[in-house]
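Naming: A, B, ... by sequence-line order, numbering from 1 per chain.
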Number of protein chains: 2
Amino acid sequence: MSRWQPGARERLERAALDLFLEQGFTETTVPQITARAGLTTRTFFRHFADKREVLFAGEEMVPELVARFMAEAPPSLGPMELITEGLAPAVAEIFEGRGLDYLLRRRAAIDAEPALHERELRKFALMSAALERGFRDRGADDLTARLAAEIAVTAVRIAVTRWLDQQGDPDLPATVNQTLAAMRRLTST
Amino acid sequence: MSRWQPGARERLERAALDLFLEQGFTETTVPQITARAGLTTRTFFRHFADKREVLFAGEEMVPELVARFMAEAPPSLGPMELITEGLAPAVAEIFEGRGLDYLLRRRAAIDAEPALHERELRKFALMSAALERGFRDRGADDLTARLAAEIAVTAVRIAVTRWLDQQGDPDLPATVNQTLAAMRRLTST
DNA sequence: TCAGTCATGGCACGTCGTGTCATGACTATC
DNA sequence: GATAGTCATGACACGACGTGCCATGACTGA
């Protein structure tokens with residue numbers, strides 16, 4: 001490249017999100033995205049495995065973050081204690097990387113397209129699997145590990161929804177804790 | 001048709017599942033499926049919206065079943081009571097339609113292919129949305145309805161996994177109740 | 001200067017999924 | 001029975017997706 005430009009990935013992500021919101025996901029073709037980004041179709045698929053992945057870049061690392069977070073937590077904590085005490089800050093680290101504005105636009109695109117919604121569900125499933133492994137490594141039995149992991153991601157998923165609904169206020173850790181509290185209240189009914 | 005044959009859908013479903021297990025989902029082409037079923041490619045896409053749907057036929061009705069089930073339940077029951085008392089039998093009605101053998105083979109195919117796993121997650125998301133609507137119609141506030149719905153489907157998802165792991169014994173309602181009990185025990189820790 | 005590496009372009013190709021029209025079997029009605 | 005309507009299927013063309021392969025040009029290090 002003769003002159004420097006913002007990285008190809010960023011340009012593709014921006015162009016894709018804009019087009020998805022303008023025209024819809026299905027109506028947007030990969031050549032349209034790459035034309036707007038000043039690249040070719042072949043290059044798009046070198047950066048993203050498929051058309052949806054352009055909205056999910058960099059999320060491969062979430063399982064690793066989760067694994068590290070759990071390995072570093074005090075071994076004395078039981079699964080539920082770990083969730084109620086450690087989940088909120090860890091989640092903030094994962095989800096607050098990009099600006100709220102980007103996240104809201106991204107969610108609008110995802111909500112409008114079942115295929116993207118499915119991909120979002122897979123993201124949380126991967127997070128759950130990482131949590132489950134973590135709990136098992138900390139000595140939990142299989143069922144407890146699975147339950148704790150699913151409860152944790154459920155709380156996170158609901159909290160993220162509410163947090164975005166409220167335009168980011170209160171902040172994500174607080175919303176996670178509120179959601180967890182409401183969950184405990186409900187299940188003890 | 002001059003001679004009667006098992007319905008086209010059934011033949012396609014059987015052929016597809018067999019091929020997915022023999023060769024994998026990606027390696028199986030739609031023409032291969034239709035050739036084995038004695039039909040043409042165009043006919044496949046008249047019966048199923050895409051290649052994955054051949055393993056998810058008839059599940060559009062689940063939201064309706066859920067809606068009916070909730071409308072018929074005594075209005076006095078709170079969300080959590082409704083889950084602990086009504087979920088198990090309702091789930092059995094939904095999931096025990098086909099033989100255990102089919103369900104186990106189907107799960108093997110789904111577990112081997114992320115794209116199919118995503119579709120499975122969407123099925124549960126639709127169930128959750130139907131439950132959420134039902135809880136709201138029964139007077140629950142938004143957060144409670146969402147939480148109760150997600151808790152219910154989480155329990156169902158885990159119960160189905162365990163039930164299949166155990167080759168169907170104990171039966172699904174019992175497994176759902178065990179799972180719910182374990183969940184309450186864990187969250188009250 | 002030369003070799004190696006890396007991102008990109010360009011092209012061919014197989015598969016997916018849809019629109020459209022034609023055909024043939026069954027059904028109802030007269 | 002003859003006729004018209006409905007329904008499932010076949011056949012074909014086509015656009016979009018995603019991949020394999022090779023060429024090119026920029027940067028890097030000896």
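With distances taken from any side-chain atom of R46(B) to the nucleotides dG18(D), dC21(C), dG17(C), the minimum falls on dC21(C). In the set dT9(D), dT8(C), dC16(C), dT8(C) carries the atom at the smallest distance from any side-chain atom of T43(A). Here dT20(C) is the nucleotide among dC11(C), dT20(C), dC17(D) with the atom lying nearest to any side-chain atom of R42(B). Comparing atom distances between the T29(A) side chain and each of dT8(C), dA16(D), dT15(C) picks out dA16(D) as nearest. You'll find that the side chain of L39(B) is closest to dG10(D), out of dC16(C), dG18(D), dG10(D).
Look at D165(A) and R107(A) and you find a salt bridge, because one of the NZ, NE, NH1 or NH2 atoms lies within 4.0 Å of a carboxylate O, short of that distance. Between R98(B) and E13(B), at least one side-chain nitrogen of the basic residue sits less than 4.0 Å from a carboxylate oxygen of the acidic one, meeting the salt-bridge criterion. Classification of R105(B) and D18(B) as a salt-bridged pair holds, one side-chain N sitting under 4.0 Å from a carboxylate O.
In this structure, the CD atom of Q32(B) is 12 Å from the C1' atom of dG14(C), given to the nearest Å. As a whole-Å value, the separation of F44(A) CZ from dA16(D) C1' is 13 Å. Rounded to whole Å, atom P of dG18(D) lies 8 Å from atom NZ of K51(A). Computed from coordinates, the F48(B) CZ to dT9(D) P distance equals 10 Å when rounded to whole Å. If you take CG of D50(A) and P of dG17(C), they are 13 Å apart, rounded to a whole angstrom. Rounded to a whole Å, the CZ atom of F25(B) is 13 Å from the P atom of dG18(D). Atom P of nucleotide dA8(D) and atom CZ of R11(B) are separated by 14 Å, given to the nearest angstrom. Between the CZ atom of R9(B) and the P atom of dA8(D) there is a distance of 10 Å, rounded to whole Å.
Of the residues E59(A), E53(A), E113(A), the one that meets the side-chain hydrogen bond (donor to acceptor under 3.5 Å, both in side chains) test with R119(A) is E53(A).
Counting any heavy atom pair closer than 4.0 Å across all strands shown, T28(B) reaches sugar-phosphate atoms only and no base atom.
Within the cation-pi definition used here (under 6.0 Å to the ring centroid, within 45° of the axis), R9(A) qualifies as a partner of F48(A).
Residue H47(B) places no side-chain N or O under 4.0 Å from the OP1 or OP2 atom of dA8(D). T40(B) has a side-chain polar atom (N or O) that falls below the 4.0 Å cut-off from OP1 or OP2 of dG10(D).
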